[in-house]
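Read through the structure below, which is laid out as structure tokens, and then see the notes.
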Amino acid sequence: MGKLMTADGAAVDETELAAQLRTCGLVRTVADRGYRRLDDSHSALLETLATILNATDAPPIDLNIEEALAELKGPRFFFVQHVLCDLIPLLSVDQDVLLAFITRLLDAGGNDLAAGTPSTAFGEWTKKSAARPFKVYEAVRAGDGLALRQLFTVLVMNADIEESLIFAQAHEREAKLAALSAVGAMELGERYDEVLNILLQEASSNDEDIALRSLEAGYRAAAQRKTLAPVGFDEQLERVVQTRSPISIHLAVDLLWRHQVGLTENAMNLCLDAAADVDPDSAGTISHLDHAAYQLVGAGHAEKVIFLLRELFDRSKGRITLNAFQSTCYTLKNAGSDVMGGAVVYWLLNGSMYTHQCVASEVCGVGNDDPPFSIPTSSLPLEPLDQLYLCRKAIGWFFIDPLAAVAIPLAVLRDGSSDIKNDVLDLIYHPLLVSYGGKLKDYLERYAESIPDLAEVLTRKAALQDAMEGIERLVELHPSEMQREAAHVQWHEQMERGMEQGRRESIFEDLVAKQYILYGRSSLTPIHTGEGTTHLTETAMHSFSVSSELPILNVVDPVGLDHMLLQFRLEQREQREQR
């Protein structure tokens, strides 16, 4: 034994490394060495380890493994795992030993996204010899549970369609499930039709897991070829999702997310309808649905997504909100303000109170200079009563943000029925213009020329302002000192609770140091150079502000205002027969 040199002259002492392997074991040795994967020394370490471990008198690769894995916590475990996975394809150890070794790594990795890397490394190991995959298949047929756990990876990485079909049509259930998934993940080439026929037969199984796995594989194979799956899959999909079991709903969501290209229009509608029944507690499925929904918007299916979200909010009775669909909301907004405006109109017209709450929390904000959406003419309902209903809903739910609240009444004035013009103008004046001046008044003045009827309500607003000039000096309208103090104490306590809750729920709480800035125009941050010295970096502090306006009606007639807004929110849309 000697030393193996790297490109930059670094050396790995083979004798020293062999001694360490015999005393500490492979996992501890890699952990102690601390090599980085991109270092030149990494290749030298792997070559030396492989040489030692492939020798006839080599120490076992699982020496002290349980104790060593218990010592590795967090990111350090995955660093060591990466090095081990680079090493595994270079080894010439017994299959059973290697299977047991990677199984320990997989179990230690848990549910982390990087936890499956050892399986990939084992798949690479089987590709080094034509005989190795078949030894794995033999072990699976002999009932080896560890080999069965790696069957999917071995089939896929060796692109073994023939063996996959044999396992897929066998009676051993777990092997069948692995093989069904494997054929869906392969490039099938000329055997595409043959494979899909087999998958369709298996999709008719009364075993839900086998049926779902077959359907997933069939749609996945079709999506890989950028073609639609045969209509027979739609029939089986409809049969399976009718159960509305959690696993069938999860499949429907994943088909929308991962294999949308392979779905026919009918299959897409089946999946969307099933997805609307997702359990509000199924956070993982809902997260996948958010990914699917924003992709559907990008693919031109915004209307389907808008309908789906309304169904989700109403069926879950508000337990699912737009907070769970931030990616989808972002995509809807980026698709154009008309798209978001059309969604708002649809949700206000057709949704229940739960949908209205979700919409209001998303579109209303403080400090907006323009409405967060625009209303396309095509989205307005044809019936005048529906248009008026829509205006009242917008004001009732968006009142806190007057620019959002006035967007729909303005659209109705511009493009809606003239029969309700006066009613809409009255709504714009009271409660909106009576309560708000500032940005709302300026915004309406922009449209005074294109919508001449606005001039009259703006004149009424100006007259009201003149009449209220000096009213703030009336002592009778001022709160007492006791009321001021009580409000101050209540606000202070509320802010303290909010800050404490924010700190508890923040993902950064344990990652960053707390810093309190009391007064000043700049902050000083100590920078440690690593050479024992420290210098201060000064950062200038700039002011920023957000303005908001307190509605006057909330001061002079809070009870009347609340009653009016509550009426608007709870009003039911009149049901009319379809003509």
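With respect to R258 and E216, no salt bridge is recorded, no charged nitrogen being found less than 4.0 Å from a carboxylate O. In summary, D338 and K333 do not engage in a salt bridge, as defined by a charged side-chain N under 4.0 Å from a carboxylate O. R213 and E208 are not joined by a salt bridge, as no carboxylate oxygen comes within less than 4.0 angstrom of a charged side-chain nitrogen. No salt bridge links E571 with K393; every basic N to acidic carboxylate O contact stays at or beyond 4.0 Å. A salt bridge links E265 to K304: one of the charged nitrogens lies within less than 4.0 Å of a carboxylate oxygen. Remark: R191 engages E194 in a salt bridge, criterion side-chain N to carboxylate O under 4.0 Å. Between R141 and E163 a salt bridge is recorded (basic side-chain N to carboxylate O distance below 4.0 Å). Ion pairing between R28 and E71 holds under the 4.0 Å rule for side-chain N and carboxylate O.
No side-chain donor from either of T331 and T328 sits under 3.5 Å from a side-chain acceptor of the other.
Side chain of D144 to backbone of V140: no donor-acceptor contact under 3.5 angstrom is found. Between the side chain of E383 and the main chain of P381, no donor-acceptor pair closer than 3.5 Å is present. For N158 (side chain) and D160 (main-chain N/O), no donor-acceptor pair under 3.5 Å exists by modelled atom type. In this structure, Q242 contributes its side chain and R244 its backbone to no donor-acceptor pair below 3.5 Å. A donor-acceptor pair under 3.5 Å is formed between the side chain of D401 and the backbone N or O of G365. Between the side chain of H356 and the backbone N or O of L348, at least one donor-acceptor pair lies under 3.5 Å. For the pair W347 (side chain) and V359 (backbone), a donor-acceptor distance under 3.5 Å is absent. A distance-only check finds a donor-acceptor pair linking the side chain of R132 to the backbone of W125 [under 3.5 Å]. Using modelled atom types, one side-chain atom of S205 and one backbone atom of D207 make a donor-acceptor pair closer than 3.5 Å. With hydrogens and angles ignored, the 3.5 Å screen pairs a side-chain donor or acceptor of T103 with a backbone N or O of L99.
When each of T285, D290, V278 is checked for a side chain to side chain contact (heavy atoms under 4.5 Å, CB included) with V253, only T285 meets the rule.
For Q150 against L106, the heavy-atom pair with the smallest separation is NE2-CD1, 3.3 Å. Among all heavy-atom pairs drawn from A168 and L180, the shortest one is CB-CD2, 3.9 Å. The minimum heavy-atom distance linking A211 with V240 is given by the pair CB-CG2, 4.1 Å. Residues G342 and S379 approach most closely at CA-CB, 4.0 Å, considering heavy atoms. A pairwise comparison of heavy atoms in A139 and Q95 identifies CB-NE2, 3.9 Å as the closest pair.
No side-chain heavy atom of I320 sits under 4.5 Å from any side-chain heavy atom of L309. With contacts defined as side-chain heavy-atom distances shorter than 4.5 Å, the pair M186/Q224 does not qualify.
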Point to revise | Residue pair L237, L255: steps toward the side chain to side chain contact (heavy atoms under 4.5 Å, CB included) verdict | key: CA-CA 11 Å; L237 177 64; L255 290 180; 4.0 Å; yes
Exercise for review: Start with the C-alpha gap between L46 and V83, add the side-chain angles, then the distance that decides, and say whether side chain to side chain contact (heavy atoms under 4.5 Å, CB included) holds.
Suggested key: CA-CA 8 Å; L46 292 180; V83 178; 4.2 Å; yes
Practice item. Test F313 against L322 for side chain to side chain contact (heavy atoms under 4.5 Å, CB included), laying out the working first. Key: CA-CA 8 Å; F313 306 147; L322 278 169; 3.5 Å; yes
Exercise for review: Could you give me the CA-CA distance, side-chain angles and deciding distance for F233 and L199, then say whether side chain to side chain contact (heavy atoms under 4.5 Å, CB included) is met?
Suggested key: CA-CA 9 Å; F233 280 88; L199 290 175; 4.0 Å; yes
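Between Y294 and H291, the angle of the ring planes goes over 60°, which puts this pair in the perpendicular group of the 30/60° scheme.
A distance of 11.0 Å separates CD of Q236 from CG of L212, quoted to the nearest 0.5 Å. Separating the OH atom in Y219 from the CG atom in D254 is a distance of 14.0 Å, to the nearest 0.5 Å.
A cation-pi geometry, defined here as NZ or CZ lying under 6.0 Å from the six-membered ring centre and within 45° of its normal, holds between R225 and Y192.
The number of heavy atoms from other shown groups lying within 6.0 Å of CG (L382) does not exceed 12.
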